Amino acid sequence: MSTQERLHETCRRLLEEGTVQVVIGYAHTAPGEPAFPVFISDPADVGQLVWNRCCLANLTKYLLRQEIRALGKPAIFVKGCDERALVVLQRESQIDPAQMLSIGVACRGEESPRHAACAACDVRRPRFCDIMIDEVPDDPPPVAASSAAARYADLEIFLTKTPAERVAYWTEELSRCVKCYACRQACPLCYCQRCIADKNRPTSIDTSATLKGNFAWHITRAFHLAGRCVGCDQCTRACPAGIDLRLLNLSLARAAELQFAYRAGIDRQADPPIGTCSERDQESFIQ
Amino acid sequence: MSEIISAAELRQLVGAWLVQGRRVIGPARIKPERVLFVPLRDAGQLLLDDCQRPANSAKEAVFPRHEKLYEFRFQGKQVEILDAPPPAAPQVVIGARPCDAAALPILDRVFNWDCRDAHYNRRRDLTTLVTLACRQHDRHCFCTSLGSGPGDPCGSDAMLYGLDDGNYEVRTLTEKGSALFTGHTHASDKVGLAGPGPQPVLDPHAVGAFLKTHFEDPRWARWSARCLGCGACACTCPTCHCFDMVDEGGAAGGAKVRNWDACQHALFTLHASGHNPRGTQWQRQRQRVYHKFHIYPQKFSAILCTGCGNCTRNCPVQLGLLPVLNAIQGGGRIAPGEAVR
């Protein structure tokens, strides 16, 4: 039985038995075209579900959406990176694992050159899912990114630039930002009820898409995701201006790993560096 | 007879415009997979290959994402208001697509409707639009469904038609267009042709008729369930023109600025009371379709869409207008992936 057939059979069973009320998965209009999120409630519709290398979206974003929650208990498709988001969402008390079912799909990485994150990914097989489909990848991952050096290689190359060159790079990149907030809306961990960028009494971050407003927004967002970003790279993928936000996120992920030996969404038991109080904290201001 | 310009001469001409102090905006490849309209630094940046539609639109030349309207200064109890200087630099948009150019007459109606917008009109007067006819299209293009097409001269000051030898036939349409090219082209018997464009896939009048009676249709929630609520569609749309006005500055003074806004953002219609008349994402999606195919047509007798496809091309979840319009036309199916309800 093919992966797709197993996937259909599993979802049909889950819906027919009433284990879940909706399957959050992927569908496409034609083979080879990017798959899009789909919400299947009727067992007769499970044939629409697909799993292939064009399933780019991180569906965990929908778990917190009021309209999707209203559809009932969900089963959700997760790749390895998506599963990391589930772990963080659970740690941050945003989801209750008892009220959902995760269906893991082993990912071979996306082929598009836009997804540098996939080349440095070391979680291609979800580890904690309730159900695993597609247990063994047909082909081994092209790059085994098991070391921190491999994970942060792109950042290390960037950091060989002088500070002036780095400022010039970000000035050029962020000058293209039009403040569409696709980065925020696509991010599974940007779930604030009211984002600081939307606060206007008083305004914290200029709403203007000027260099000042754009630096303020992207730096604030990166810091807010420090030690939380799971590296799914949805922000970079969603950006219509082609800004490589991954570099910003990698910088803070590296800080969390080097300073706190912590990687978001990897270890379900590990205490996140932000939001955890420890007597062993070295900073004097906190003692 | 036709007038042609070689690719090398065209690039030289663009370089000359820059030297003359004109602002020149054109497509440039800013990332391996991303082509955007950007203010060109040099003519070498210009990408006059029509195989890829820029991911943004040329509207920014006349309707910038951020614009200072006036400044204010506090001096004791006095407030001094200073008009922002009007835009002054002449500019050329080169390599706009017909779907970008056709958007400008549409924007003109809005910015000259109940008041004449001084900054918009000044920029419009200063702008010359040189459009590159499309020889190719992708699966998101649907200009031919909306009465436009790959060689549509609507809104352009001059048209460039690619020739098989890599050069261009130039057809000037206005005095502004002629002023740019006169003396720079050669007489020829070669004639450039636009590509066939996409097969028409929908009837905008049928969509308009549907909208008249289906505001409360329960399927809107299904059709737009996957919308993430970002503004990538509106920000890259050639015709979307909604803006927000805010005061920015400090205790000494500041400025009233106009910034792009997007109807897909939750804050767009949020009232000070806390009430939001479009409280859910599907209501915001429905609004975007209504504005383009019902509200604007009622007011201005034209459709607020040129079929460029950027809304779907840039959508992180492959939504945008076309899948919804197809769903309306197809009797309820959004795509072979979304169940009929």
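The basis for the numbers below is simple: all heavy atoms, side chains too, and nothing from hydrogens, waters or symmetry mates. Chain A is the first sequence line, chain B the second, and so forth, proteins listed ahead of strands; every chain is numbered from 1. Because the structure is a prediction, the values reported are computed rather than measured.
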With respect to T207(A), which candidate in V246(B), L267(B), D261(B), V257(B) satisfies the side chain to side chain contact (heavy atoms under 4.5 Å, CB included) definition?
V246(B)

Is it the case that over 12 heavy atoms from other parts of the model lie below 6.0 angstrom from the CZ atom of R166(A)?
yes

Does any heavy atom of chain A fall under 4.5 Å from the side chain of A232(B), the backbone, both, or neither of them?
both

Pair count under 4.5 Å, heavy atoms only, with chain B: among C183(A), C177(A), A30(A), C195(A), highest is C177(A)

Quick check: closest heavy atoms across R34(B) and P240(A), and the distance to 0.1 Å?
NH1-O, 2.7 Å

Shorter than 4.5 Å, heavy atoms on both sides: which option in A57(A), G47(A), A182(A), A44(A) has the most such pairs with chain B?
A182(A)

Give, as side chain, backbone, both or neither, the part of R139(B) having an atom under 4.5 angstrom from any heavy atom of chain A.
side chain

Measuring from T210(A):OG1 to E248(B):CD, what's the distance to the nearest 0.5 Å?
6.5 Å

Under 4.5 Å to a heavy atom of chain A? For T236(B) that would be side chain

Is the number of heavy atoms from other residues, nucleotides or ligands under 6.0 Å of H224(A) NE2 greater than 12?
no

Does any backbone or side-chain atom of I68(A) lie under 4.5 Å from a heavy atom of chain B? Answer side chain, backbone, both or neither.
side chain

If you count heavy-atom pairs under 4.5 Å between each of R258(B), R41(B), E67(B), E60(B) and chain A, which one has the most?
R41(B)

Using 0.5 Å steps for rounding, measure from the CD atom of Q281(B) to the CD atom of Q185(A).
7.5 Å

When you compare the side chain of K31(B) with that of D244(A), does any pair of heavy atoms fall below 4.5 Å?
yes

Considering all heavy atoms of both residues, which atom of N259(B) and which atom of S208(A) are nearest to each other, and what is their separation?
ND2-OG, 3.0 Å

Given the ring of Y62(A), does R226(B) sit roughly above its face, with NZ or CZ under 6.0 Å from the centre of the six-membered ring and within 45° of the axis?
no

Between atom CD of E173(A) and atom CD1 of I30(B), what is the distance when rounded to the nearest 0.5 Å?
6.5 Å

Let me confirm one number: the OG1-CD distance from T280(B) to Q66(A), rounded to the nearest 0.5 Å.
8.5 Å

Listed by number, the residues in residues 213-222 of chain A that come under 4.5 Å of chain B (heavy atom to heavy atom) are none

Determine whether L319(B) and F36(A) make a side-chain contact, defined as any pair of heavy atoms from C-beta on separated by less than 4.5 Å.
no

Just how far is it from atom SG of C180(A) to atom CD of Q264(B), taken to the nearest 0.5 Å?
12.0 Å

Most contacts with chain B, counted as non-hydrogen pairs under 4.5 angstrom, among K179(A), R201(A), R194(A), R176(A):
R176(A)

Kindly give the heavy-atom pair with the smallest separation between A186(A) and L228(B), and that separation in Å.
CA-CD1, 4.0 Å

Please determine, among G25(A), A209(A), P34(A), the option with the most heavy-atom pairs under 4.5 Å with chain B.
P34(A)

Rounded to the nearest 0.5 Å, the NZ atom of K212(A) sits from the NE2 atom of H66(B) at a distance of 9.5 Å

